[in-house]
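Order of listing sets the numbers, starting from 1, for every ligand and every atom in it.
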Amino acid sequence: MAAFNNIVILTGAGLSAESGLGTFRGPGGLWENFRIDDVATPEAFARDPVRVHDFYNLRRSWHKAAKPNAAHLALAGLERKHGDVLTVTQNIDALHEAAGTRRLIHMHGELERALCVACGTSAPWNKDLTIETHCASCGKAAMRPDVVWFGEMPREMERIYEALGACDLFISIGTSGAVYPAAGFVLEARAAGAHTVELNLEPSDGADLFLERIEGPATEIVPAYVDRLLRR
Ligand code: APR
């Protein structure tokens, strides 16, 4: 492997699976027990905010018990030792931060933040949210989880595309490649001439787009891959 200067890492639910947080697709995935249209769209929230709050309150309770695993820690170590690394996560958990990653974009928002629909203020939030929760800024009872729902624009896309256009290594970890725009990042990176690697339990929907692929559980293959990168 040649040395790399600018690294972009994309992570998905598979990275946090071994921290006890479920993935979305496949056997036992969250979308087997909940319908996206009932709990993860702006229309669902308009129709039945209590149901949507219940869904995210449940997930918040799971997240509270979760700790970063060896893969999160290895990625934080890569950032610390290598320097020019941008981590873009689709995960709304806070496990990258807990592991020590600093240059991080939560493109699908954060479960531990609440957003006021009335005034647009986003604030840290680690309790249950209800339709009666008041905004600390404007006082209105108009809070929602500060996450990106299906049909909404992911966060910081300009910064992400800029980084993809300048990277020479793109690593995709624990994501099925089923959801855009994240599933298209590999093509952006390849257009920039980057080496592209998929680290996943099984081949993702877009596995053939990657120049290198390693299959296995994230807690095994991510630390091993990071070690290889840092040894050069
Ligand atoms: N190690 C590595 N990969 C794993 C592991 C593991 N221990 N466990 C599961 N995986 C892989 C699965 O094989 C699958 O390819 O992680 C991937 C998880 O895919 P999804 O459940 O589709 O999660 P993700 O790609 O993050 O979903 C994208 O979809 O529902 C929305 O907003 C949600 O951000 C999410 C987006």
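- Between P68 and A98, the closest heavy-atom pair is CG-CB, 3.7 Å.
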Audit row: H63, E112, side-chain hydrogen bond (donor to acceptor under 3.5 Å, both in side chains) steps and yes/no: CA-CA 9 Å; H63 284 211; E112 292 186 2; 5.7 Å; no

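- Using bins of under 30°, 30° to 60° and over 60° for the plane-to-plane angle, the ring pair F170/F210 lands in the parallel bin.
- Side chains of T11 and H96: a donor-acceptor N/O pair is present below 3.5 angstrom, by distance only.
- Under the 4.5 Å side-chain heavy-atom criterion for grouping Ile, Leu, Val, Met, Phe, Trp and Tyr, V226 is connected to I9 within one hydrophobic cluster.
- Under the 4.5 Å side-chain heavy-atom criterion for Ile, Leu, Val, Met, Phe, Trp and Tyr, I36 and F34 are members of the same hydrophobic cluster.
- Listed by chain and number, residues touching ligand 1 at under 4.0 Å (heavy atoms only) are G12, A13, G14, A17, E18, T23, F24, R25, W31, Q90, H108, F150, G174, T175, S176, V179, N200, L201, E202, G216, P217, A218.
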